[in-house]
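Once you've had a glance at the structure underneath, I'll fire off some questions.
Here is how names work: the chains are called A, B, and so on, in the same order as the sequence lines, proteins then strands, and each is numbered from 1. Bear in mind the structure is a predicted one, so any value in this text is a computation, not a measurement.
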Amino acid sequence: MKGGESKAEATSTDQRLKTRGRKAGKKTKKDPNQPKRPPSAFFVFLEDFRKEFNLANPNNKSVATVGKAAGARWKSMTDEDKAPYVAKAESRKTEYIKNVQQYNLKLASGTNREEDDSDKSKSEVDEAVSEEEAEDDD
DNA sequence: CTGTTGATTGTTTCA
DNA sequence: TGAAACAATCAACAG
């Protein structure tokens, strides 16, 4: 059965093939304050998985190995297992959105006035930044 | 020394 | 709507 590896997810496989070739030019960031994309549930899971993987394979240095293992494991997990990671990812996304808002706010303030009310605008942003911080519960 | 590569999937973003 | 790019990681290699 390999003739055609399926297909149902042709988009996925194809995309990756192209993207891999393009990643070479991703380091072009022009906006210093532009927030980066929030980690997906898979990345959240990866953070934990890497730790375990390092313990299980302290000799392994290839990041690709962990990625492959994580990917295989990820697909092996059920939605319920991914639930906590997904939930975390959702929080990250929410924070990211707030970040973008602040980012836009700063730009708006800067573009609008960067000499007079700069102090004032700063305060406003400051409040937004400290909005909620942390909640660690178990 | 600096920068890209490698590999995963998910989310983000533009047209 | 879909395709394209990028998110972390870290060691190693190339220029």
| Any side-chain N or O of Lys36(A) under 4.0 Å from OP1/OP2 of dC6(C)? | no
| Face-to-face contact Phe43(A) to dA8(C) six-ring, under 5.5 Å, under 30° |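 No, aromatic ring not over the base.
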| field | Exercise: identify the closest heavy-atom pair between Pro39(A) and Ala89(A) | value |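 That closest heavy-atom pairing would be O-CB, 3.9 Å.
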| Does some side-chain heavy atom of Asn54(A) sit less than 4.5 Å from a side-chain heavy atom of Lys51(A)? | no
| message | On DNA chain B, does the nearest nucleotide to Pro39(A) precede the nearest nucleotide to Ser62(A) from the 5' side, or the other way round? Give the residue. | response | Ser62(A)
| field | Residue Arg50(A), side-chain atoms from C-beta onward, closest of dA7(B), dT9(B), dA8(C) | value |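 For Arg50(A), the side-chain atoms sit closest to dA8(C).
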| Nearest-Å distance for atom pair CE/P, residues Met77(A) and dG10(B) | 11 Å
| task | Report the distance from atom CZ of Phe53(A) to atom C1' of dA11(C), rounded to the nearest whole Å. | result |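 Rounding to the nearest Å, CZ of Phe53(A) and C1' of dA11(C) are 14 Å apart.
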| task | Could you state the atom-to-atom distance from NZ of Lys82(A) to C1' of dT11(B) in whole Å? | result |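 Roughly 14 Å, once rounded to whole Å.
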| remark: In whole angstroms, the gap separating C1' of dA7(C) from CD of Glu95(A) amounts to 15 Å
| task | Grab the CD-P distance between Glu47(A) and dA7(B) for me, whole Å please. | result |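 Answer to the nearest Å: 21 Å.
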| task | For the pair Arg92(A) and Glu95(A), find out whether any cationic side-chain nitrogen is under 4.0 Å from an anionic carboxylate oxygen. | result |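 Salt bridge flag = yes for Glu95(A) with Arg92(A).
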| Nearest 0.5 Å, what's the OG-NZ distance between Ser76(A) and Lys82(A)? |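 Spacing of OG (Ser76(A)) from NZ (Lys82(A)) equals 10.5 Å.
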| Closest approach of Val66(A) to Phe49(A) (non-hydrogen atoms, all atoms of both residues) | O-CE2, 3.9 Å
| Minimum heavy-atom distance Gly67(A)-Phe42(A), with the two atoms named | O-CZ, 4.5 Å
| query | How long is the line joining CH2 of Trp74(A) and P of dA8(C), in whole Å? | reply |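 In whole Å, dA8(C) P and Trp74(A) CH2 are 17 Å from each other.
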| request: Would you mind telling me which of dT8(B), dG6(B), dT9(B) lies closest to the side-chain atoms of Leu46(A)? | output: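 Among dT8(B), dG6(B), dT9(B), the one nearest the side chain of Leu46(A) is dT8(B).
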| query | Atom CZ of Phe42(A) to atom P of dC6(C): distance rounded to whole Å? | reply |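 The answer, rounded to whole Å, is 18 Å.
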| query | Rounded to whole angstrom units, what separation is found between the NZ atom of Lys88(A) and the P atom of dT11(B)? | reply | 16 Å
| field | Under the side chain to side chain donor-acceptor pair (under 3.5 Å) test, residues paired with Thr78(A) that sit two or more places apart | value | Asp81(A)
Short N/O separations, protein against nucleotides 12-15 of chain B, under 3.5 angstrom:
residue : atom : partner  : partner atom : Å
dT12(B) : O3'  : Tyr96(A) : OH           : 3.3
dT13(B) : OP1  : Tyr96(A) : OH           : 2.3

